[in-house]
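Residue numbering restarts at 1 for every chain, and letters A, B, ... go by the order of the sequence lines. All values reported here derive from a predicted model rather than from experimental measurement.
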Number of protein chains: 2
Amino acid sequence: MLNFDRLTLDESGPIYLQILRYVKQGIAAGTIENGEELPSRRVVSALLGVNPNTVQKAYRLLEEEGLIQSHTGAKSCVVADEAARSRVRTQLLGQDARAMISAMKQMGVTREEALALLDTLWKEDDQA
Amino acid sequence: MLNFDRLTLDESGPIYLQILRYVKQGIAAGTIENGEELPSRRVVSALLGVNPNTVQKAYRLLEEEGLIQSHTGAKSCVVADEAARSRVRTQLLGQDARAMISAMKQMGVTREEALALLDTLWKEDDQA
DNA sequence: CAAACCGTATCACTCATATAATACACTTAG
DNA sequence: CTAAGTGTATTATATGAGTGATACGGTTTG
């Protein structure tokens with residue numbers, strides 16, 4: 001069953017989007033098996049200390065993207081085949097990277113500086 | 001006088017934060033001179049098609065960070081010395097980069113893959 | 001079967017964001 | 001000097017995000 005222990009909420013944006021992103025990252029990373037069950041809305045809401053409606057909103061969006069399936073009364077489960085997995089991975093990777101590239105270019109950062117900065121911060125993060 | 005022509009609003013977050021970031025990026029890039037005047041709240045609001053109060057909120061936050069100065073009746077102006085410029089630059093660069101690194105690591109991306117991806121997307125962006 | 005759990009839905013409330021319409025005092029330009 | 005422009009402030013309204021409480025029907029499990 002999918003695990004939410006590694007999800008820590010912050011103030012970067014709506015909670016339901018953070019939950020949505022967490023599940024997507026799990027799918028993209030391959031740590032979530034196809035057909036794997038998700039913990040119920042109530043369980044997740046209690047674990048994260050948020051309202052069940054907020055979790056429901058994230059789950060509903062996941063279902064609208066075709067990444068999970070829900071049946072009234074039974075637990076929801078993931079339905080992410082290899083194509084969906086690849087699609088989500090590309091979507092998430094490009095999303096952040098393009099935002100960062102846009103910001104860097106606007107600040108006059110060169111490609112070489114950007115690569116060096118990413119390399120430095122990546123290694124710093126490894127040690128932390 | 002500071003120019004807002006290159007600021008295009010999107011749905012990524014609050015408008016006042018997008019204005020705040022635009023000015024900060026200008027300061028970090030060095031395209032904004034020390035002592036340079038800012039267009040009035042009313043002018044910017046008309047240009048962007050938003051409410052004057054929204055622009056005022058961004059300007060107020062900039063003043064609280066010590067990046068601009070305002071005097072009743074006269075235009076506000078930038079007061080960003082080299083130290084402030086460096087501080088803002090580091091703040092903005094680290095902000096986006098660390099978010100991307102965190103997301104990538106959670107998806108099982110290696111440092112080499114990350115550097116290659118950034119290099120590829122950067123060049124793609126150059127052509128677009 | 002029956003209790004517990006689950007997905008789903010609704011209503012009311014708070015808070016932040018953004019808009020709209022003014023108003024007042026000060027500075028600057030004609 | 002006068003008028004236009006500016007910073008600042010207030011009040012009201014609308015919307016989305018999030019919470020809280022509750023309810024109903026279907027599924028799972030003991």
- Is the backbone N or O of B:Ser70 less than 3.5 Å from a side-chain atom of B:Glu63, with the two atoms forming a donor-acceptor pair by type? yes
- Let me know the distance between CD of A:Glu63 and C1' of C:dC6, rounded to the nearest Å. 14 Å
- The answer to which of A:Gly49 and B:Arg41 contacts DNA chain D further toward the 5' end, by nearest nucleotide, is B:Arg41
- Item | B:Tyr16 side chain, from C-beta outward: closest of D:dT8, D:dA9, C:dA18 | C:dA18
- Query: Is there side-chain contact between B:Arg111 and A:Lys123, with at least one heavy-atom pair below 4.5 Å?
  - Reply: yes
- Query: Just wondering, do B:Arg60 and B:Lys57 contact through their side chains at under 4.5 Å, heavy atoms?
  - Reply: yes
- Item | Nucleotide D:dG18, atom P - distance to CZ of A:Arg60 in whole Å | 12 Å
- Query: If you check the B:Pro14 side chain, which of C:dG7, C:dA20, C:dA18 turns out closest?
  - Reply: C:dA18
- Evaluate whether atom CD of A:Glu33 has more than 12 neighbouring non-hydrogen atoms of other residues, nucleotides or ligands under 6.0 angstrom away. no
- Message: Rounded to whole Å, please give me the gap between NZ in A:Lys75 and C1' in D:dG26.
- Response: 15 Å
- Query: Just by modelled atom types, is the A:Met107 backbone N or O under 3.5 Å from a matching donor or acceptor in the B:Arg89 side chain?
  - Reply: yes
- Query: Is the phosphate of C:dT8, meaning OP1 or OP2, less than 4.0 Å from a side-chain N or O of A:Gln56?
  - Reply: yes
- Looking at D:dG7, does its base get a donor-acceptor pair with the side chain of B:Arg42 below 3.5 Å? yes
- Item | Side-chain donor/acceptor of A:Ser102 to backbone N/O of A:Ala99, under 3.5 Å | no
- If each of A:Gly13 and A:His71 is mapped to the nucleotide of DNA chain D with the nearest heavy atom, which maps nearer the 5' terminus, i.e. the 5' end? A:Gly13
- Query: D:dT27, C:dT28, D:dT6: which one has an atom nearest the side-chain heavy atoms of A:Ala74?
  - Reply: D:dT27
- Task: Side chain of B:Thr54 only, please: which of D:dT6, C:dT19, D:dG25 is the nearest?
- Result: C:dT19
- Message: In this structure, how many angstroms lie between the C1' atom of C:dT17 and the CD1 atom of B:Ile15, rounded?
- Response: 8 Å
- Just how far, in rounded Å, is P of D:dT8 from CG of B:Leu61? 12 Å
- Query: How many Å lie between CD1 on B:Ile68 and P on D:dT6, as a whole number?
  - Reply: 14 Å
- B:Lys57 side chain near C:dT17 phosphate (N/O to OP1/OP2, under 4.0 Å): yes
- Query: Among the nucleotides D:dA17, C:dT17, D:dT8, which one has an atom lying closest to any side-chain atom of B:Ser70?
  - Reply: D:dT8
- Out of C:dG7, D:dT10, D:dT19, which has the shortest distance to the side chain of A:Thr72? C:dG7
- Is a donor-acceptor contact shorter than 3.5 angstrom present between the side chain of B:Asn51 and the base of C:dA20? yes
- Message: What is the distance, to the nearest angstrom, from the OH atom on A:Tyr59 to the C1' atom on C:dC6?
- Response: 12 Å
- Item | Short side-chain N/O contact to D:dT6 OP1/OP2 from B:Ser76, under 4.0 Å | no
- Task: Would you kindly give the CG-to-P distance between A:Asn53 and C:dG7, to the nearest whole Å?
- Result: 13 Å
